[in-house]
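Encoded as structure tokens, the structure appears first; notes follow it.
Every number for a ligand or one of its atoms is a count from 1 in the order of the listing. Bear in mind that the values here come from a model prediction, so they are computed numbers and not experimental data.
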Amino acid sequence: MELFNPSDLWSSCLQEAENRLESTEFEAWLKDSIYEDINGTRLVIRFRNSFVAGHTKSRFGNMLEDIIRDISGRSELALQFIGNPAEPGPSVTEKLPSRNSSSSSESTFLRSNYTFEHFVVGPSNQLAHAGALAVSRDIGSTNYNPLFIYGGVGLGKTHLIQAIAHYLRQEGLNRTFRYISTELLVETFIRCVLRNDYTSFRKLFNGIDYFLMDDIQFLKGKVETQEAFFHRFNELTQQGKQIVLTSDRPPHELPGLPERLISRFQSGLVADIKPPEYETRLAILQLLVRDEELEVSLDVLDFIASSIRKNVRQLSGVIHRLAAMSRLTGCKVDMNLAQKEIRSSLGTITRRLTPGNIASIVAEGFDVSPSQLKGKQRKRSVLVPRQVAMSLIRELTSMSLMEIGSFFSGRDHSTVLNSIDRIKDLKEKDPELERKIEEIRRKLVSI
Ligand code: ADP
Ligand code: MG
């Protein structure tokens with residue numbers, strides 16, 4: 001462990017875990033764990049009791065070990081989870097981690113940076129964002145009740161719904177809310193059924209202006225909870241209270257939910273969040289590095305934004321890992337480190353499609369030489385193949401515009417962008433060229 005302070009390593013590991021897990025999971029199991037000792041290559045981590053230690057080990061042990069090995073670069077490291085001897089595990093009847101639901105679901109489960117200020121708005125999430133802001137400002141507007149936000153994993157649903165909660169907590173607003181994950185709602189319901197006492201379930205809905213429920217898809221198959229929820233839902237809307245729900249898919253695609261619930265979900269504003277476009281990804285990265293107080297140059301950010309396209313959580317994961325590495329080892333975040341990180345996070349170590357072999361196959365297809373492609377000549381018989389090579393490299397590799405430009409003898413990124421646009425136009429006008437490019441692409445993807 002010469003290079004690393006094990007206690008810092010565990011803090012970085014927790015940061016990364018927080019980033020990968022649902023916030024409710026992180027809060028329930030990992031948040032108050034502490035680094036205790038190092039035993040050979042084993043980091044000993046203490047939890048509040050042995051039940052939590054055992055559960056964390058079986059559910060997250062492998063992931064946590066992967067993270068510390070990733071961060072430290074030492075594959076021999078392992079983790080040992082222990083409970084607090086002063087507090088033996090809970091008795092069997094209390095299998096769930098104790099959560100004093102009334103106060104904790106309102107505040108401790110909110111991530112401090114999931115606010116509107118920290119949410120980058122772009123075409124992919126504009127409607128959902130506008131809806132969230134509108135319901136925060138104006139309670140119970142019938143048009144937006146419920147507000148139903150849906151979208152794929154890691155696109156900002158939890159962030160947005162928690163941003164509403166943060167907004168409502170502002171001093172002087174005097175609005176009350178309940179933020180709860182659907183899993184916790186189901187757990188609470190089951191606990192009530194077992195005790196034949198529904199007080200704590202009802203309490204979840206009483207005396208609040210806003211009911212914010214995350215990941216409604218987990219109501220699937222929970223028939224009795226659905227039934228109970230349906231009644232509370234109707235009560236709340238009749239009383240003019242605002243309901244906000246998130247889901248990984250639109251209402252009509254929710255499997256195993258009764259029609260009447262689905263049509264309730266559809267009766268307000270249904271807004272989707274799509275994967276962000278390049279500009280939004282870049283803006284999110286800029287926000288993240290500012291938060292981490294990291295110095296990262298624009299071409300490195302451009303490279304990351306070009307490599308990770310589908311998932312914002314992965315984007316923030318990369319930045320958090322780079323920040324952790326840079327803090328632990330004191331090295332700068334440069335293109336080299338970023339490429340290494342992206343490669344390991346995308347799991348694509350072998351990349352046969354290099355710009356060099358794409359360029360030479362394009363050159364062959366157009367009967368010019370690779371050095372002509374990289375050269376300065378602007379006659380059409382060389383210019384068009386060069387532009388084709390640029391667009392194919394953009395399409396088939398994770399290289400950024402700047403990197404592609406520098407591969408072509410130091411051209412700048414706008415030249416690359418123009419070339420790509422030009423080829424798009426030309427292909428529409430010239431079927432012969434389109435066919436030729438298609439042929440080259442086929443050749444490339446089969447190598
Ligand atoms: P979901 O609930 O849709 O799976 P999250 O809300 O947990 O996704 O978002 C994943 C991560 O991406 C979080 O760290 C969140 O802060 C970040 N994120 C998502 N969208 C944005 C955005 N538009 N601006 C800033 N951060 C975002
Ligand atoms: Mg979520």
Side-chain angles (χ1 to χ4, degrees), residues 12 14-28 30-31 67 105 109-133 136 147-167 179-186 212-220 244-250 253-254 270-292 294 296 301 304-305 307-324 345:
S12 305
L14 281 182
Q15 242 182 32
E16 171 59 18
E18 187 172 6
N19 194 38
R20 290 194 195 177
L21 296 174
E22 285 298 323
S23 51
T24 45
E25 281 179 330
F26 180 80
E27 304 277 341
L30 279 161
K31 190 170 179 219
I67 296 175
S105 56
F109 286 162
L110 294 182
R111 300 273 292 264
S112 61
N113 59 346
Y114 282 14
T115 58
F116 283 119
E117 291 74 35
H118 263 83
F119 191 82
V120 175
V121 186
S124 55
N125 57 31
Q126 210 160 21
L127 181 62
H129 173 263
L133 206 53
S136 307
L147 170 62
F148 188 101
I149 298 174
Y150 74 91
V153 183
L155 296 182
K157 303 181 295 294
T158 299
H159 188 137
L160 262 188
I161 197 173
Q162 291 201 5
I164 300 175
H166 279 292
Y167 186 99
Y179 166 76
I180 190 169
S181 70
T182 302
E183 282 168 304
L184 184 54
L185 182 95
V186 172
L212 314 171
M213 188 152 119
D214 205 2
D215 288 323
I216 191 93
Q217 72 272 10
F218 293 130
L219 267 189
K220 175 187 172 186
V244 182
L245 307 167
T246 73
S247 157
D248 67 352
R249 65 201 79 185
E253 285 177 20
L254 283 166
V270 177
D272 69 336
I273 305 188
K274 295 194 196 66
E277 309 69 25
Y278 171 81
E279 288 76 12
T280 311
R281 296 198 298 274
L282 194 64
I284 293 174
L285 286 171
Q286 279 164 332
L287 179 90
L288 291 167
V289 295
R290 220 173 29 243
D291 281 354
E292 292 275 358
L294 261 192
V296 187
L301 294 184
I304 300 172
S307 310
I308 296 181
R309 295 159 191 247
K310 298 266 150 63
N311 183 323
V312 183
R313 187 172 297 147
Q314 280 175 354
L315 279 183
S316 58
V318 168
I319 295 297
H320 292 313
R321 276 193 296 280
L322 287 171
S345 72

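- When side chains are defined from C-beta on, Leu315 counts as touching Arg281, because their heavy atoms get closer than 4.5 Å.
- Of the protein's non-hydrogen atoms, the one nearest atom 24 (N) of ligand 1 is Val120 N, 2.8 Å.
- The closest donor-acceptor contact from the side chain of Asn311 to the backbone of Gln314 lies under 3.5 Å.
- Minimum heavy-atom separation, Leu160 to Ile149: CD1-CD1, 4.1 Å.
- Partner Lys157 forms a side-chain contact (heavy atoms from CB on, under 4.5 Å) with one of Asn125, Ile273, Leu245 and no other, that one being Ile273.
- On a distance-only criterion, Phe119 and ligand 1 share no N/O pair closer than 3.5 Å.
- Protein heavy atom at the shortest distance from atom 25 (C) of ligand 1 is His118 O, 3.2 Å.
- Considering CG of Leu301 and CG of Leu294, their distance stands at 9.5 Å, rounded to 0.5 Å.
- What sits closest to atom 14 (O) of ligand 1 on the protein, heavy atoms only, is Tyr114 OH, 3.5 Å.
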message: Thr182 vs Asp215, test: side chain to side chain donor-acceptor pair (under 3.5 Å). Steps then yes/no.
response: CA-CA 6 Å; Thr182 302; Asp215 288 323; over 6 Å; no
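- Of the candidates Leu315, Asn311, Val312, it is Val312 that places a heavy atom closest to atom 18 (N) of ligand 1.
- One distance of note links OG1 of Thr158 with CZ of Arg111; it measures 9.0 Å at 0.5 Å rounding.
- Distances from ligand 1 to the non-hydrogen atoms of Gly122 include no value under 4.0 Å.
- Looking at ligand 1, you won't find any N or O of Ile284 less than 3.5 Å from one of its N or O atoms.
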task: Evaluate side chain to side chain donor-acceptor pair (under 3.5 Å) for Gln15 paired with Ser12, printing each intermediate quantity in order.
output: CA-CA 5 Å; Gln15 242 182 32; Ser12 305; 5.7 Å; no
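- Closest approach of Tyr278 to Ala305, counting heavy atoms only: CE1-CB, 3.8 Å.
- Considering only non-hydrogen atoms, atom 8 (O) of ligand 1 lies nearest to Gly156 out of Gly317, Gly156, Ala283.
- Ring geometry for Phe119 versus His129: interplanar angle under 30°, hence parallel rather than tilted (30 to 60°).
- The protein heavy-atom contact nearest to atom 15 (C) of ligand 1 is His159 ND1, 3.4 Å.
- Of all the atoms in ligand 1, the ones that sit under 4.0 Å from a non-hydrogen atom of Gly152 are 3 (O).
- The part of Asn125 lying near ligand 1 is the side chain, judged by heavy-atom distances below 4.0 Å.
- Counting backbone and side-chain atoms alike, Thr246 contributes no N/O/S atom closer than 2.8 Å to the Mg ion (ligand 2).
- Residue contacts with ligand 1: Gly154 is included, with a non-hydrogen atom under 4.0 Å away.
- The distance criterion of under 3.5 Å between nitrogen or oxygen atoms is met by Leu155 with respect to ligand 1.
- The shortest N/O to N/O separation between Asn19 and ligand 1 does not fall below 3.5 Å.
- At the top of the distance list for atom 7 (O) of ligand 1, counting protein heavy atoms only, stands Arg313 NH2, 2.9 Å.
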